*Asks:* 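The structure is given below, and queries will be raised subsequently.
No experiment lies behind these values; they were computed from the predicted model shown. If you read the sequence from its start, that first residue is 1, and numbering goes on from there. We count ligands from 1, going down the list as the structure has it; atoms in each ligand are counted the same way.
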Amino acid sequence: MIGYGRQLIDESDVNAVVEVLHSDWLTQGPNVVKFEKAIADYVGVKHTIAVNSATSALHLAYLALGVGKGDVVWTVPNTFVATANAALYCGADVDFVDIELSTFNLSISALKVKLEQAKLSNKLPKVVTPVHFAGLSCNMREISDLAQKYGFFVVEDASHAIGGKYHDSFVGSCKYSDISVLSFHPVKIITTGEGGMLTTNNDLLANKISQLRSHGITRNSHEFEFEMDGRWLYQQIDLGYNYRMPDINAILGYSQMKKLAQFINRRNEIAKTYNNFFVELPVAVQQVDNSFLNAHHLYVILCKDHLERKALDAYLFENDISCNVHYYPVYLQPYYRNLGFNDGYCPNAENYFSRCLSIPMYAGLQDSDVMKVCNLIKNFYQQ
Ligand SMILES: *Cc1c(COP(=O)(O)O)cnc(C)c1O
């Protein structure tokens, strides 16, 4: 069975992890620092803070920006539930901005309209979290301009997009945002088993996030709230969590980072083959600005309608290709419906969801697998 996505682990990854298992440090230690530095150097950002998942990273991002009860966080419905859930963890409300049917990303025009309305009713968001869907960056400069104009923070959910670029800057560089969040779940571009990372250029945010990652504890005596003496001392100055990444996982990420550029190349090679092939077929694909580098976590095709998508999925599954759907609009999940959201709230996201199919896309996919997928889809449409 060929799935829609999977990790690519080689012997050097395995050996790196085994070496750490024989070392003194298993939990957060020197390899977390090495992994954080590798990502900071690659994407070009001042601070990187590794955590145990991107969900934890989103939670800490919102907390560090002061999100709490009475605040609203906006994101898109075309994302994994964690992007929105993390704001609910903070006691905030969540609202959704519709997507574009061309890029499957946040619609800047919908965002503008919603901001004008929110300004009139005095309900501007504290944070807007664009999601770089499938690895394609959103239009960050425009979002950043709106952030200046209306006064909100920007958190990039870049869970799909490490290794991708917005014009000349790598996703995660935070050139146009306060914080970016990366995921290292096995289906993402590189993996640590489970894991996430926050990136920021802001010293205060970085310090706050590092404390919250480990119980709100500091070991810097200049941050102590009263004087104590002894090299083993710490003070808890905030209410934090245990969101640490173990060194075992960090070394896997460090080893995977050496192959990031290669993974992105391979994913783009596969996307090119798919793009060329699908020109002849009645399916739509994600429209990419040529000055962006798409990290291609996913490759999504849009069928004519739900029935056609269902039939295509079943046909591929019979032929040992297991596709998936990204994403069911978050606000239509039962938990969010219970918060008051209804059908029809974001028409583009619903239209998109009814027709989308994520076909196989991962660095370890063989050319023969790619051609098998192409030919099956062609056969389906020529039946
Ligand atoms: C995977 C994913 C997350 C959550 O990542 P975890 O590391 O599994 O917690 C959040 N947002 C998006 C868009 C994702 O794809």
Side-chain angles (χ1 to χ4, degrees), residues 3-7 32 35-36 39 48-63 73-90 94 96-97 99 103-106 127-138 140 143 154-164 171-172 177 179-199 209 213 241-246 249-250 252-253 256 267 286 294-300 324-331 333 335-336 349 352-353 356 358 361-362:
Y4 79 94
R6 61 162 291 140
Q7 70 276 18
V32 165
F35 181 39
E36 288 172 338
I39 294 211
T48 42
I49 302 108
V51 289
N52 59 359
S53 73
T55 306
S56 304
L58 286 158
H59 186 193
L60 296 190
Y62 295 150
L63 282 178
V73 172
W74 289 5
T75 186
V76 282
N78 188 30
T79 186
F80 185 56
V81 291
T83 321
N85 288 348
L88 299 185
Y89 299 164
C90 303
V94 174
F96 298 91
V97 185
I99 61 165
T103 62
F104 316 155
N105 270 337
L106 179 135
V127 177
V128 173
T129 306
V131 178
H132 304 316
F133 182 78
L136 176 66
S137 177
C138 296
M140 291 312 300
I143 294 169
V154 179
V155 173
E156 297 175 67
D157 185 340
S159 294
H160 297 184
I162 188 174
V171 169
S177 67
I179 299 173
S180 298
V181 166
L182 307 169
S183 173
F184 311 120
H185 178 282
V187 293
K188 307 290 164 72
I189 309 277
I190 61 164
T191 191
T192 59
E194 294 278 1
M197 182 96 58
L198 298 103
T199 73
I209 292 162
R213 163 173 70 176
Y241 300 82
N242 177 355
Y243 282 169
R244 292 187 301 266
M245 175 184 282
N249 301 72
L252 177 55
Q256 291 257 295
R267 285 172 180 271
Q286 189 176 31
N294 191 340
H296 276 300
H297 160 52
L298 298 171
Y299 191 96
V300 174
N324 211 313
V325 160
H326 302 92
Y327 288 97
Y328 185 66
V330 173
Y331 64 83
Q333 294 287 353
Y335 189 87
Y336 283 85
Y352 163 87
F353 158 72
C356 67
S358 302
M361 168 56 85
Y362 48 90

*Asks:* I need the atoms of ligand 1 closer than 4.0 Å to a non-hydrogen atom of Thr79, numbered in the order shown.
*Replies:*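 Result: 13 (C).
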
*Asks:* Within the structure provided, determine whether Ile189 and His297 are in side-chain contact (heavy-atom separation under 4.5 Å).
*Replies:*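 In contact.
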
*Asks:* Quick one: which ligand 1 atoms are inside 4.0 Å of a heavy atom on Tyr327?
*Replies:*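 In order of number, 15 (O).
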
*Asks:* Side chains of Thr83 and Tyr327, heavy atoms from C-beta outward: is any pair under 4.5 Å?
*Replies:*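 A side-chain contact under 4.5 Å is absent here.
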
*Asks:* Please state whether the rings of Tyr328 and Phe353 are parallel, tilted or perpendicular, taking 30° and 60° as the class boundaries.
*Replies:*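 It falls in the perpendicular class, over 60°.
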
*Asks:* Where do Thr191 and Gln7 land on the side chain to side chain donor-acceptor pair (under 3.5 Å) test, with the steps shown first?
*Replies:* CA-CA 7 Å; Thr191 191; Gln7 70 276 18; over 6 Å; no

*Asks:* So which protein heavy atom does atom 11 (N) of ligand 1 come closest to, and at what separation?
*Replies:*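 Result for atom 11 (N) of ligand 1: Asp157 OD2, 2.8 Å.
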
*Asks:* Tell me the protein heavy atom at minimum distance from atom 9 (O) of ligand 1, and give that distance in Å.
*Replies:*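 In this structure, atom 9 (O) of ligand 1 has Thr55 OG1, 2.5 Å as its nearest protein heavy atom.
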
*Asks:* Evaluating non-hydrogen atoms only, which member of His185, Lys188, Glu194 is closest to atom 1 (C) of ligand 1?
*Replies:*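 Nearest option to atom 1 (C) of ligand 1, by heavy atoms: Lys188.
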
*Asks:* For atom 15 (O) of ligand 1, what is the nearest protein heavy atom, given as residue, atom name and distance?
*Replies:*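 For atom 15 (O) of ligand 1, the nearest protein heavy atom comes out as His160 NE2, 2.7 Å.
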
*Asks:* In terms of the angle between their ring planes, are His59 and Tyr89 parallel, tilted or perpendicular, with boundaries placed at 30° and 60°?
*Replies:*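 Rings of His59 and Tyr89: perpendicular, as their planes differ by over 60°.
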
*Asks:* Under 4.0 Å from a heavy atom of Ser183: give me the atoms of ligand 1 that qualify, with their elements.
*Replies:*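 Close to Ser183: 1 (C), 5 (O), 6 (P), 7 (O).
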
*Asks:* Show which atoms of ligand 1 fall inside a sub-4.0 Å distance from at least one heavy-atom site of Thr83.
*Replies:*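 Once the distances to Thr83 are compared, the set is 11 (N).
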
*Asks:* With heavy atoms of Gly195 as the reference, note each atom of ligand 1 found under 4.0 Å away.
*Replies:*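 Heavy-atom distances to Gly195 below 4.0 Å select 7 (O).
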
*Asks:* List the closest protein heavy-atom neighbour of atom 10 (C) of ligand 1: residue, atom name, distance to the nearest 0.1 Å.
*Replies:*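 In this structure, atom 10 (C) of ligand 1 has Ser159 OG, 3.4 Å as its nearest protein heavy atom.
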
*Asks:* Under a 3.5 Å cutoff, is there a donor and acceptor pairing between the side chains of Thr48 and Glu36?
*Replies:*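 No.
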
*Asks:* Between Phe104 and Tyr352, what is the ring plane arrangement, given parallel below 30°, perpendicular above 60°, and tilted in between?
*Replies:*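 Phe104 and Tyr352: tilted rings.
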
*Asks:* Could you measure the distance from the CG atom of Leu106 to the OG1 atom of Thr129? Nearest 0.5 Å is fine.
*Replies:*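 That separation rounds to 10.0 Å.
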
*Asks:* Would one find an N or O of Ala54, backbone or side chain, under 3.5 Å from an N or O of ligand 1?
*Replies:*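 Between Ala54 and ligand 1, an N or O pair is found under 3.5 Å apart.
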
